[in-house]
Amino acid sequence: MKELAAKYSAAQVEDKWYQYWLDHKFFHSEPNEKEPYTIVIPPPNVTGILHMGHVLNNTLNDVLIRKARMDGKNACWVPGTDHASIATESKVVAKLKAMGISKEEIGREEFLKHAWEWKEEHGGIILQQLKKLGCSCDWDRTRFTMEPALSEAVINTFVYFYKKGWIYKGVRMVNWDPEALTAVSDDEVIHKDTKSHFYHLKYYISDGNGNPTDKYLVIATTRPETIMADAAICVNPKDERHFWLKGKKVLIPLIKREIPVIEDEYVEMDFGTGCLKVTPAHDVHDYEIGLRHNLPVLEIIDDHGKLNEKAQILVGEDRFVARKKIVKMLEEAGNLLKVEDYTSPVGYSERTDAVIEPKLSAQWFLKMETLAGMALETVESGRTQFIPEKYVNTYRHWMENARDWCISRQLWWGQRIPAYYLPDGSYVVEATPEAALKAAQAINPSIKASDLRQDEDVLDTWFSSWLWPISVFDPEKPGHPEHQPNKDLAYYYPTNDLVTGPDIIFFWVARMIMAGEEFMGKEPFSNVYFTGIVRDKMGRKMSKTLGNSPDPLVLIEKYGADAVRIGMLLCSSAGNDIFYDEAQIQQGAAFCNKIWNSYRLVKGFQVSADVQQSPAAAKAVEWFGARLSETVALVEDHYSKFRISDALMTIYRLFWDDYCSWYLEAIKPAFGSPVDPATHQATLGFFEALLKLIHPVMPFITEELWQDIAPRKEGETIMYAATPKVQAYKQEVLDNFALAMETVNGVRGVRSQRNLPPKEQLNLKIKGAFPAEMIPVVEKLCNCSVEMVSGFEGAQGVGFLVRTLEMFVALDGKVNVAEELEKARKELQYQLEFLENVRKKLSNERFVANAPAAVIENERKKEADSLSKIEILQEKIKSLETS
RNA sequence: GGGCGGUUAGCUCAGCUGGUUCAGAGCACCUGCCUUACAAGCAGGGGGUCACUGGUUCGAAUCCAGUACCGCCCACCA
């Protein structure tokens, strides 16, 4: 880099340095004697593409990893992808559908071929995109949840839990997604208030022979298409209105099937009509009532959400079409009493947005009781901390009410459940077909391999990703608690921090903790940092349909990855939603440019050993050194509390305000003059420290400049440069410089108010104890000559106060006495009130008696300062009045 | 319905165990500057009854109670 352009161009440097880092394997980690710092990536969907949520999450991860690396730890960030069974399978199904192929038609094996093809084609794109963002993942360790070793781990854990008795097969009411044709877990159902109707239907009382009498009861339902599956009408036993129904039978409208009236406390008397139609096959609560009262279960809706033959009428119609049609039929038959508008919560599938159909089916479950208890303890004991803490409450609530986990999915893309059915319907659970055959033969010696039929279902994706922090290092371990952890697992586990969104706190975070406790006897990570959801600046979620989701790669191309990273971090305090605005990225780009140009200035300095260091430069060097240390301590504190945006803002201001606006202006030689070697060296040292400080956030520009500020050898990198350490400094240095800064601000204020051109040198008179060594700094920074005086007699100009020092800018003939007087009187008025307040406090006996000494001491100082200011102001007013 | 969190400047947020001259930051805004690193810049400036009402305290943005509104999670009354 010979000449620096006036503007920083990210495009030209980012790819170059990423390749350099890759070439030198700087991201790669192997166990060694250093302290490990480990993060496992929240694996994105293998066929997904990068969105703003990923940008936020992975930027945070990368900042933590790069920081740890510079702190001298052996940092390892394990990347990888998730097979995402439902999401991926539905994409493949859609692709095949477009080709006119259905999944059932081609069968499991053929379908999986297509799925793998799809994975090969689209898989891992997102990892390439993370490289563009600058993520320093250990790519040699890239994992995929469905790669053979990790799939084996999944199967082994299934067998392990089965043999432990925690996995069982049961017929349960599950959330059926009629579009994806699979059961989904409770957590994958989103309840949305949905407008519908409340249909009031008459059910006539039977005369006992299946014929209607003229008496009837009224039920209210939102799902009239399910009446054919009714098994009973239920009323509350305490409901006097319905005592007459006791023991009666009623006829289902249209089909005239006879069903009993039963009593159950579940029915709310003041809701609807107080009569509930019980449809065990198509409603969770009804199913439970059915169990209590031994009611038959009649399923009339098939897997696709269509009515089947058992419905007798409307056979083959979609449930929503059937609803419309049956209403008409009921009306014609005289069973429809009235229709009300009604809004009720309806469950929708998270993936397909189809209305969930409660459906009875055989599913595999994992018992949660013990696992949830362990996982709750991990967090309650503080072994794993949540940031922000508020999520502990949510977590506790869930853990205390955890239901058994439905782990089977009626899909093909995923790990197939290792249960093998014998011809008689019994089954064995083993990790391999061979072992299954052996086990089956133990039951029945004549069984051949071809007699066994493996369960058709696959496992929930989370049943593989919950092993992630373990399986990425040692896939042998999960499922084999007795197995000695391999070298990697022993070294890297437990990982340190996990950065993820709160939406998967139960899906993933909780379950990783369970798996960690179960298989490792140890929590999988020490801290979980929950990011917010990225929204647009109007607060709407990013979505494809709204078109408000920018493509991160386009942004990176336009502004550079460093700018994008800063833009995301600037507005992201933990746990708060992020309101994304491109302006923030522009701010990031502006900061890159600022850094760039501050280096251009220093690089352009001519250095001459013949030049003596100016007093102003000497003071500035001393000050910035102290200021740097002070700020580094603050930054470290922010990092330790995961206040990443605060850490960034602190560095941002150190760089922009302190370094550029104050320090560089103070040491800058006059135009055309060279700078002395001491100042030059110090400045480069400071600049390097700043680059190192900001490197975790802005990896590219910092590498680019770091490589230029001194001769570097091939293989050297800022990535492994040590984070600047706090050096001892004198508080006095900071205080004195701060006083000089306030003085400069005062003079600049006068200049601005009076519209005095910057080039016009001013004369500043200071009365009071101003540190002499700061005079050159003031003179340099506001183009003035400073004169220490004992009074301002006869001088014309504008006065101002800096703390308790009176200052005066001489301005012959340019002063409006009346204005000055007005200003001074206002100031005096303020000070008098201030003094009054302070004295009120000090004269309050209880305050003096109760407040800590330091607080009282401070009040006394306020009083003294105020008094001297008042004195100065009064004098000033007097002299103005007489002039 | 149950639980949790929030409400501070136009916007996004900080303000840790009540007490520094405490009401802050960044952005946005206004004024003046193309000052030889940077106009993606420099210098200066305005702007808030800390949601509301009470309470505790010598002292409250900060603690407590209630109210209003917002958000999230859980449950789901057919």
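Values in this document were obtained by computation on a predicted structure and should not be read as measured data. Within every chain, numbering begins at 1; the chains are lettered A, B, ... in the order of the sequence lines, protein sequences first and strands thereafter.
Between A:F687 and A:Y599, the ring planes are parallel. Angles under 30° get that label, and only those over 60° would be called perpendicular. Classification of the A:H200-A:F198 ring pair by plane angle, with boundaries at 30° and 60°, yields perpendicular.
No option in A:R323, A:H282, A:K277 other than A:K277 meets the side-chain hydrogen bond (donor to acceptor under 3.5 Å, both in side chains) test with A:T226.
Nucleic acid contact class of A:H397 (heavy atoms, under 4.0 Å, all strands): sugar-phosphate only. Residue A:E665 is classed as a base contact, given a heavy-atom separation below 4.0 Å to a base. Contact annotation for A:D577: backbone-only contact, meaning every heavy-atom pair under 4.0 Å involves sugar-phosphate atoms and none involves a base. Nucleic acid contact class of A:N850 (heavy atoms, under 4.0 Å, all strands): base. Residue contacts shown for A:K7 include a base, since a base heavy atom lies under 4.0 Å away. As judged by a 4.0 angstrom heavy-atom cut-off over every strand, A:R403 is placed among residues touching the sugar-phosphate backbone only. As judged by a 4.0 angstrom heavy-atom cut-off over every strand, A:V267 is placed among the base-contacting residues. Among the heavy atoms of the strands, none lies under 4.0 Å from A:K277. Contact annotation for A:P852: base contact, defined as any heavy-atom pair under 4.0 Å involving a base atom.
Comparing B:C76, B:C27, B:A78 against the side chain of A:Q587 picks out B:C27 as the nearest. Distances from the side chain of A:L664 to the nucleotides B:A37, B:A78, B:A75 place B:A37 closest. Of the candidate nucleotides B:G44, B:G19, B:C73, B:G44 has the atom lying nearest to any side-chain atom of A:S752. Closest to the side chain of A:Y652, out of B:G41, B:G26, B:A78, is B:G26. Nearest to the side chain of A:R653, among B:C4, B:C58, B:G26, sits B:G26. Closest contact between the side chain of A:C660 and the listed nucleotides B:C38, B:G26, B:A37 involves B:A37. The side chain of A:R748 has B:A43 as its nearest neighbour among B:C16, B:G19, B:A43. The side chain of A:T394 lies closest to B:C73, out of B:C73, B:C13, B:A40. Listed nucleotides B:G19, B:C76, B:A25 differ in distance to A:M649; the shortest reach to its side chain belongs to B:A25. The side chain of A:N393 lies closest to B:C4 when the candidates are B:A78, B:A40, B:C4.
As rounded to whole Å, 18 Å separates atom P of B:C27 from atom OH of A:Y580. In this entry the distance linking CG of A:L756 with P of B:C33 reads 13 Å, nearest Å. When the P atom of B:C16 is taken as reference, atom NE2 of A:H638 falls 13 Å away, rounded to whole Å. Regarding A:R643, its CZ atom lies at a distance of 17 Å from the P atom of B:G26, rounded to whole Å. Protein atom CG of A:N597 is 10 Å distant from nucleotide atom P of B:C42, rounded to whole Å. Rounded to a whole Å, the NZ atom of A:K841 is 9 Å from the P atom of B:A60. Residue A:D270 contributes atom CG, which lies 13 Å from atom C1' of B:A78 at whole-angstrom precision. One atom, NZ of A:K759, and another, C1' of B:U35, lie 6 Å apart when rounded to the nearest Å.
Close to B:A43, at under 4.0 Å from its OP1 or OP2, lies a side-chain N or O of A:S661. Here A:R600 does not reach the OP1 or OP2 of B:A37: none of its side-chain N or O atoms lies under 4.0 Å away. One finds a side-chain N or O of A:W656 lying less than 4.0 angstrom from the OP1 or OP2 phosphate oxygen of B:C42. OP1 and OP2 of B:C72 both lie 4.0 Å or more from every side-chain N or O belonging to A:K390.
Between A:R223 and A:E357, at least one side-chain N (NZ, or NE/NH1/NH2) sits under 4.0 Å from a carboxylate O, which counts as a salt bridge.
Side-chain polar atoms of A:E665 and A:Y659 form no donor-acceptor pair below 3.5 angstrom. Checking A:N335 against A:Y203 by side-chain atom types alone, no donor-acceptor pair falls below 3.5 Å.
A distance of about 16 Å separates the P atoms of B:G2 and B:C76, rounded to the whole Å. Here the separation of B:A65 from B:G19, taken at their C1' atoms, is 24 Å to the nearest Å.
A ring-centre distance under 6.0 Å is found for A:F655 and A:F591. For an aromatic pair to be called close, the ring centres must be under 6.0 Å apart, and A:F530 with A:Y391 satisfies this.
A donor-acceptor contact under 3.5 Å is formed by the side chain of A:K594 with the base of B:C38.
Mapping A:N745 and A:Q584 onto RNA chain B via the closest heavy atom, the residue that lands nearer the 5' end is A:Q584.
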